[in-house]
Amino acid sequence: MVAEPDALLKEALDALASADDPAALEQWRIAWIGTRGRMRTVMAQLRDVPAAERPAVGQRLNALRERIEQAFADRAGALAQEGTARAASSGRGRIASTIDPTEPGIPVGLGRRHVLSRTIDEIVEVFGRMGFSVAEGPEVEDEWHNFTALNIPPDHPARDATDNFYMGGSRLLRTQTSTVQIRTMERMPPPLRIIAVGRVYRPDTHDATHYSMFHQVEGLYVDRAVSMVDLKTVLFQFARAYFGPDAQVRIRPSFFPFTEPSAEVDMLMSIRGTPTWVELGGCGMVDPNVFRAVGIDPEAWTGFAFGLGIERIAMRRYGIPDIRLLFENDLRFLRQF
Ligand code: FA5
């Protein structure tokens with residue numbers, strides 16, 4: 001049996017008349033014309049009406065629903081007007097809400113670029129002035145680009161499972177940006193003058209100068225008759241342009257499978273107040289085996305390469321004593337830059 005429309009209408013209007021603030025009006029709306037309200041239940045009862053009577057009953061119920069919805073709209077309009085009038089009489093002009101435009105604003109904290117991102121931009125800029133363009137490569141690498149093409153033989157300890165983040169198969173997170181040297185030489189013929197900047201990953205124990213994820217900037221210069229003098233010149237020019245005329249850089253003989261001869265680049269920095277030579281990166285002349293792996297004739301071309309740790313550069317530049325500060329996201333630290 002369908003509810004009696006007149007009785008329903010009266011009940012709805014009585015309840016509506018006693019809703020005298022926005023919260024009560026909303027409660028009424030939910031109870032009567034909301035998606036689970038009384039009117040929805042009443043309309044659903046149409047299903048039980050015999051087919052012959054359904055059109056007539058349906059018309060009456062639709063009229064009832066329209067009447068109730070109209071009553072709601074009228075009541076909502078009346079309440080809004082009352083609110084405006086109340087606000088006006090309390091001296092707040094025509095603004096009916098609780099907003100006080102004279103109150104001081106809440107300061108919005110402005111973000112800034114992370115000190116590492118700024119360092120990367122600055123490095124790209126300095127090398128850009130020396131004619132180096134930016135090359136890119138993936139962080140998930142294969143053994144060919146991370147080791148084999150870089151003249152690192154299959155039994156070399158650098159490939160050890162404890163020194164790398166292997167990801168199954170021959171995939172691993174790259175341990176050095178030297179992978180981008182290979183990718184660039186595979187793609188483009190010499191002469192080449194590029195830098196590659198990005199994240200590298202090693203399972204190193206965290207301490208003041210080591211982290212398991214860090215950034216490197218790789219440089220590669222391939223041309224006719226490039227020499228070690230060109231390499232030293234570029235590194236010293238970078239140090240001076242970036243750290244100022246007093247920059248202290250030290251180059252000492254070392255070994256990397258992909259360069260011959262190889263050297264270590266150190267710079268002087270303060271660690272907990274004590275001046276210390278910190279290893280900034282490695283460099284050397286591109287090994288002929290690397291040229292052969294990428295199909296470049298080592299008799300016709302020579303080149304140099306270097307790879308520097310960007311965290312160490314930022315630490316030197318900004319006097320940051322501990323690499324871990326760069327990754328803790330402590331705003332008291334980050335706001336200083
Ligand atoms: C290399 O990664 C070579 N690919 C560099 C290179 C490129 C040599 C081209 C020759 C030619 P090495 O493992 O020394 O070399 O790392 C380079 C620099 O990365 C280090 O000197 C240091 O500044 C930084 N570095 C290395 N390990 C870490 C670490 N765990 N945390 C922070 N920085 C690191």
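Order of appearance sets the numbers: ligands from 1, and atoms from 1 within every ligand. FYI, the numbering just counts along the sequence from 1.
- For atom 8 (C) of ligand 1, the candidate residues are Gly282, Gly281, Gly284; the nearest heavy-atom contact is made by Gly282.
- Judged purely by distance below 3.5 Å, without hydrogens or angles, the side chains of Asn62 and Glu66 never pair a donor atom with an acceptor atom.
- No side-chain N or O of Trp32 forms a donor-acceptor pair with one of Glu69 less than 3.5 Å apart.
- The protein non-hydrogen atom at the shortest distance from atom 14 (O) of ligand 1 is Glu279 OE2, 3.3 Å.
- By the 4.0 Å N-to-carboxylate-O rule, Arg60 lies too far from Glu4 to be salt-bridged with it.
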Starting from the C-alpha separation in whole Å, work towards a yes-or-no answer on salt bridge (charged side-chain N to carboxylate O under 4.0 Å, His left out) for Arg252 and Asp266. CA-CA 8 Å; Arg252 61 195 156 85; Asp266 299 340; 2.5 Å; yes
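- Of the candidates Arg202, Met213, His215, His210, Arg202 brings a heavy atom nearest to atom 1 (C) of ligand 1.
- The protein atom (non-hydrogen) at minimum distance from atom 25 (N) of ligand 1 is Phe214 CE1, 3.3 Å.
- The 12-atom threshold is exceeded at CD of Gln336, counting heavy atoms of other residues, nucleotides or ligands nearer than 6.0 Å.
- Ligand 1 has an N or O atom lying under 3.5 Å from an N or O atom of Tyr211, backbone or side chain.
- The protein heavy-atom contact nearest to atom 19 (O) of ligand 1 is Gln216 NE2, 3.3 Å.
- Of all protein heavy atoms, the one lying nearest to atom 4 (N) of ligand 1 is Gln176 OE1, 2.6 Å.
- A side-chain N or O of Thr175 and one of Asn146 form a donor-acceptor pair less than 3.5 Å apart.
- Between the side chains of Gln216 and Thr177, at least one donor-acceptor pair of N or O atoms lies under 3.5 Å.
- Every atom of ligand 1 is numbered from 1 in the order shown, and the set under 4.0 Å from a heavy atom of Thr209 is 31 (N), 32 (C).
- The closest approach between a heavy atom of Ser262 and any atom of ligand 1 is not below 4.0 Å.
- Nearest non-hydrogen protein atom to atom 22 (C) of ligand 1 is Arg312 NH1, 3.3 Å.
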